[in-house]
Amino acid sequence: MKLAHWVFLLASLGVVVAGFYLYLAFPFLEVPTLLGPWPLYYLLPGAYALGFLVGGAYALALWLWGVGERRALLREVRRLQGEVNALKRERIEEIPRIPDREEV
């Protein structure tokens, strides 16, 4: 995880430095858009931020899916434990008991 954090920090700093370089070296470069011309030094950090937001939304969706799967699996485990406990109550004579241990 530390490596991922360092890579993210270095990539973010690289984007900031590249945007600042474009601002200092080529402030006249513009990209035509429907909203009028936008400076190129806005687009690189903007595209990076948009990618970061899309990745965050994907990670959030993946986490929510995992939470749902966990709940479903826990429900299944509880159902199976209930079945096992019911079988233990029905066939109590078939379960060997060790006198010095507690019943689970």
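Side chains are part of it too, since the values below use all heavy atoms of this structure and drop only hydrogens, waters and symmetry mates.
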**OP:** Check whether Phe52 and Val15 end up in the same hydrophobic cluster, where Ile, Leu, Val, Met, Phe, Trp and Tyr are linked by side-chain heavy atoms less than 4.5 Å apart.
**Re:** yes
Subject >> Atom pair CD (Glu83) and CZ (Arg79), whose distance is rounded to the nearest 0.5 Å >> reply: 4.5 Å
Subject >> Test item: Phe26 and Tyr21 side chains (from C-beta on) under 4.5 Å apart, heavy atoms >> reply: yes
Original post:
Of all heavy-atom pairs between Gly19 and Pro45, which one has the smallest distance, and what is that distance?
Top reply: CA-CG, 4.4 Å
Original post:
Quick one: CE on Met1 to CH2 on Trp6, what's the gap to the nearest 0.5 Å?
Top reply: 14.5 Å
Subject >> Between CZ on residue Arg70 and CZ on residue Arg75, distance to nearest 0.5 Å >> reply: 12.0 Å
Subject >> Leu22 with Val31, same ILVMFWY side-chain cluster at under 4.5 Å >> reply: yes
Original post:
Linking I/L/V/M/F/W/Y whenever any side-chain heavy atoms sit under 4.5 Å apart, do Leu62 and Leu73 land together?
Top reply: no
**OP:** Using the rule that two of Ile, Leu, Val, Met, Phe, Trp, Tyr join whenever any of their side-chain heavy atoms come within less than 4.5 Å, decide whether Phe8 and Leu10 are in one cluster.
**Re:** no
Subject >> Student check: side-chain heavy atoms of Pro32 and Trp38 closer than 4.5 Å >> reply: no
Subject >> Over 12 non-hydrogen atoms of neighbours within 6.0 angstrom of CZ in Phe28 >> reply: yes
Original post:
Between Tyr48 and Leu44, is any pair of side-chain heavy atoms under 4.5 Å apart?
Top reply: no
Original post:
Going from CD on Glu30 to CG on Leu43, what distance comes out if it is rounded to the nearest 0.5 angstrom?
Top reply: 10.5 Å
Subject >> Flag side-chain contact, heavy atom, 4.5 Å: Leu9 against His5 >> reply: no
Original post:
Hey, quick one: are Val16 and Tyr42 part of the same hydrophobic cluster, counting side-chain heavy atoms closer than 4.5 Å, chains of contacts allowed?
Top reply: no
